[in-house]
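Because the structure is predicted, anything quoted here is derived from the model rather than measured.
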Amino acid sequence: MFLATTAHPEWWDTSDEILVLGSGCLRYDQRAQWSTLRYVMAPNPWGDPDAVKAAAAYCREGIDRMIAELTVMLNQLHGVTWSQRYWRILLGPWLLYYVHALYERYVSLTRAVASAPQLTTTVLDEAAYQPALDTQAFSALAVGAEADGFNLQLYSQVIRGLGWTSRIWKVVRPNGPSPAGQDGSATEPTRTERLVSTLVRAVHPQVMVGPLLGRRDLARLLAALMTRGLALPGPASFRCERQPMDPAMREPLGRLPAWDAFSRVLIQTLPVNFPLTYLEGYRRFRARCLRLWPQPPRVVASMRWFACEPLLFLAAEFGDRGARLVGWQQGGGYGIYDVHPYEQHEVAVTDRWCSFGWAAPQPSGKVTAVPHPRFLSRRRSRRGHGRRRAIVLVTMSLPRYPMRFDSMPVGQFDRILECRQRWIQHLPDACRERLVVRLGPGGFGWCQRRRLMDACGPVQFSDQTTPVQHLFGRAKLVVIEYPATAYLETMAADIPTVCFWEPRYWRIREEAAAYFEDFRRAGILWGSPEAAAAHVEAIHDDPWRWWDSPELQRVRRQFVRRHAWGEPDWLRRWVEVIRAEAVVSERGVVSSPGDTAAAVPLLEEEPVGSR
């Protein structure tokens, strides 16, 4: 029996029966190649939410172990003495992606082999292995256009790490250029870098503001901070230039101590897979970041502690020098999902973390409820209801190869696609005529538009370049198939909203569960697409009659105050949080490693890190 690990039908042994490791291997646009083959689907190890939760906890423990070991190794390698928090800020996002992804591949492979001991499979030529440039590049490789090839690398490394050489049916090496997103930045500073560096030297800002707000609200925040705040260029401003691999630097990674069978495989992969920016490119990129922002601030305020390498390098460094790190919530799963690794990481690395309204019990007391402007400006006007005709379905996308363990349907996006199709198929014609489907960002190769039209007939799709909030403004009714940011915005804007998802795949934490029970009783949330379609049919002529009922509005207001809080004086509250943290750090900021009076040097060579 042949094991298909990725969507490469041309590399499968089609003369044998095929065990398909996941639905992501069966690309809809390749169905002519696989639809006539003899194949069965391997059981999904992650169908039980308890298994997902256990995997997330296991990976978190493994990441903690890795950070402790890598702190010692990388400090020695780079000649610095940074804290574990420094390296957690820098490496934590990549380790979260990498450890979760590799453990998922490891468990899927070992379960498949246990179910069919005679399996053989295709692996990638070791000469074709490549490390990612940085966290952003790893994510792009694992889920983007090159996902099939890069995930074949991960599967191949696990297979070889387990010593399964006898199971190798074929060794392949893809042809073509290096994947996109791996080239890095130009060596010379950009005009934006030079401008920001000049302003930092002239103004000496106390607050460095990372990716945080839209342009208008960001301008208001900076104005309120006066000369004390300055914005860091966006995440695409610059990245590390591409570096050649240095085997001597990488060799110690393979000697880190293992603690179990999976960790032995994980550590064997590090000399190849460890990102270039944190090893070969570390010294030069750190120096470039400090040229951009040569004076340490008292506060670093940002959300998106995953996507901006300059932010991570500077926040890690300035945090170790005494600056206070303040995080802000970005998406809708925070405070709601039972398992949320992003939230755990962000709260761990920051000194204060500002939520959309919730403040669940935390041993550290870091989480603070702060109103957010995104929930303020789009509250609906009750004028013009009769002119709004559209029923907008807001959908989601997930990668074909799972990237993390959280309270989502891990490895089961085909189930979401099926529920979406069933909902549309059960709508009456009067609703279908008004339906506009908004596909989620990043199609990930699922061919969602074609699948939906093949299953349901003609469907109207919204333009992906149109902000989804503009669709909400024209909608008579919004229907949402997943619990993330979209329904927070419609609830805050007081737009009639119907949600449907299967609760067993979206486990809600105990502190938030009561709100979702209220949603079910009010008819906002449904556990099946058929029931949700029947409800839409019943209310679509005048959804406001249902939506404006006193009990539903009570439920909505309670939820919004806890999870989508917006207030007109949001700016004052934000400035208060930032200024309070600046006061805490006032006596603790170290201008330069080992010298409390010196300015941060314009680095030509790497200084020794602090602490």
Side-chain angles (χ1 to χ4, degrees), residues 1-47 101 104-116 119-124 141-156 158-159 167 169-170 172 174 395-404 408-422 424-425 439-440 442-456 459 481-482 502 505 529:
M1 194 174 197
F2 180 82
L3 177 64
T5 57
T6 58
H8 287 109
E10 70 276 17
W11 294 340
W12 299 352
D13 181 3
T14 57
S15 66
D16 201 351
E17 186 178 14
I18 298 170
L19 181 66
V20 179
L21 199 54
S23 58
C25 299
L26 301 178
R27 288 184 60 124
Y28 197 71
D29 54 355
Q30 296 176 344
R31 58 192 183 281
Q33 297 175 258
W34 54 258
S35 59
T36 59
L37 301 178
R38 293 180 296 135
Y39 72 89
V40 293
M41 295 295 301
N44 185 349
W46 316 115
E104 195 284 329
R105 312 304 181 260
Y106 173 88
V107 172
S108 296
L109 284 169
T110 52
R111 294 280 182 89
V113 168
S115 68
L119 284 173
T120 61
T121 192
T122 296
V123 297
L124 189 66
L141 288 170
V143 306
E146 305 295 332
D148 296 311
F150 190 70
N151 279 280
L152 182 59
Q153 173 176 322
L154 299 183
Y155 283 117
S156 301
V158 172
I159 288 166
R167 299 186 182 279
W169 174 72
K170 180 187 290 188
V172 297
T395 73
M396 69 173 302
S397 292
L398 288 175
R400 285 184 294 117
Y401 302 97
M403 280 288 288
R404 66 181 185 270
M408 292 186 181
V410 177
Q412 298 176 95
F413 187 64
D414 54 331
R415 179 70 177 172
I416 294 176
L417 292 173
E418 178 194 341
C419 288
R420 183 188 307 169
Q421 293 168 8
R422 285 161 49 196
I424 294 176
Q425 289 166 347
L439 295 178
F444 303 119
W446 288 106
C447 304
Q448 296 179 57
R449 186 182 299 258
R450 174 48 55 193
R451 281 177 186 261
L452 210 53
M453 294 180 71
D454 287 350
C456 303
V459 176
E481 67 176 12
Y482 65 105
E502 295 180 290
Y505 296 123

- Message: If you compare all heavy atoms of R400 against all heavy atoms of A7, which two are closest, and at what distance to 0.1 Å?
- Response: NH1-CB, 3.8 Å
- Message: Could you check whether any side-chain N or O of T122 sits under 3.5 Å from a backbone N or O of W11, counting only pairs where one atom can act as donor and the other as acceptor?
- Response: yes
- Item | With Y155 via ring-ring contact (aromatic ring centres under 6.0 Å, His included) - residues at least two apart | none
- Please walk me through it: do L452 and L417 pass side chain to side chain contact (heavy atoms under 4.5 Å, CB included)? CA-CA 8 Å; L452 210 53; L417 292 173; over 6 Å; no
- Query: Between N151 and A142, is there a donor-acceptor pair closer than 3.5 Å when you use the side chain of the first and the backbone of the second?
  - Reply: yes
- Query: Do any N or O atoms from the side chain of Q425 and from the backbone of A455 form a donor-acceptor pair under 3.5 angstrom?
  - Reply: yes
- side chain to side chain contact (heavy atoms under 4.5 Å, CB included) test vs W169 passes for just one of T120, D16, L3, namely T120
- Message: My understanding is that only one of T14, I18, L26 makes a side chain to side chain contact (heavy atoms under 4.5 Å, CB included) with W34; could you say which?
- Response: L26
- Message: Looking at every heavy atom in both D13 and F2, which two are closest together, and how far apart are they?
- Response: CB-CD1, 3.6 Å
- Message: Taking salt bridge (charged side-chain N to carboxylate O under 4.0 Å, His left out) as the definition, give me every residue that meets it alongside R105, ordered by chain and number, with sequence neighbours left out.
- Response: none
- Gap separating the CG atom of L37 from the OG atom of S15, nearest 0.5 angstrom: 10.5 Å
- Item | Q421 CD to C456 SG distance, which is reported to the nearest 0.5 Å | 5.5 Å
- Under the side chain to side chain contact (heavy atoms under 4.5 Å, CB included) criterion, do V410 and R404 qualify, and how do the steps go? CA-CA 8 Å; V410 177; R404 66 181 185 270; over 6 Å; no
- Message: If I compare all heavy atoms of M41 with all of S23, which pair ends up nearest, and what's the gap?
- Response: CE-N, 3.4 Å
- Query: Without hydrogens or angle criteria, can the side chains of W12 and Q33 be said to hold a donor-acceptor pair below 3.5 Å?
  - Reply: no
- Item | Pairing residues for F444 by the ring-ring contact (aromatic ring centres under 6.0 Å, His included) criterion, not counting sequence neighbours | none
- Item | Partners meeting side chain to side chain contact (heavy atoms under 4.5 Å, CB included) with S115 (sequence neighbours left out) | L19
- Which distance, rounded to the nearest 0.5 Å, do you find between the CD of Q30 and the SG of C25? 10.0 Å
- Assess whether side chain to side chain contact (heavy atoms under 4.5 Å, CB included) is satisfied between L398 and I416, documenting all intermediate values. CA-CA 10 Å; L398 288 175; I416 294 176; 4.3 Å; yes
- What do you reckon, are the aromatic ring centroids of W446 and Y28 less than 6.0 Å apart? no
- Shortest non-hydrogen contact between S397 and Q448, atoms and distance: OG-NE2, 2.8 Å
- Message: Quick test of your reading: applying salt bridge (charged side-chain N to carboxylate O under 4.0 Å, His left out), list the pairs with at least one residue in residues 17-42, sequence neighbours left out, ordered by first then second residue.
- Response: R27-D29, R27-D148, R31-D454
- State the CD-CZ distance between E502 and R415, to the nearest 0.5 angstrom. 4.0 Å
- Can you tell me if S156 uses its side chain to pair, donor with acceptor, with the backbone of L124 under 3.5 Å? yes
- Message: Measuring only between side-chain heavy atoms, which start at C-beta, is Y401 closer than 4.5 Å to L154?
- Response: no
- Item | Residues forming a salt bridge (charged side-chain N to carboxylate O under 4.0 Å, His left out) with R167, sequence neighbours excluded | none
- Item | Atom pair OG1 (T6) and CG (L152), whose distance is rounded to the nearest 0.5 Å | 4.5 Å
- Query: When rounded to the nearest 0.5 angstrom, what is the spacing between SG in C419 and OH in Y505?
  - Reply: 8.5 Å
- Side chains of F413 and M396: does their closest heavy-atom pair fall under 4.5 Å? yes
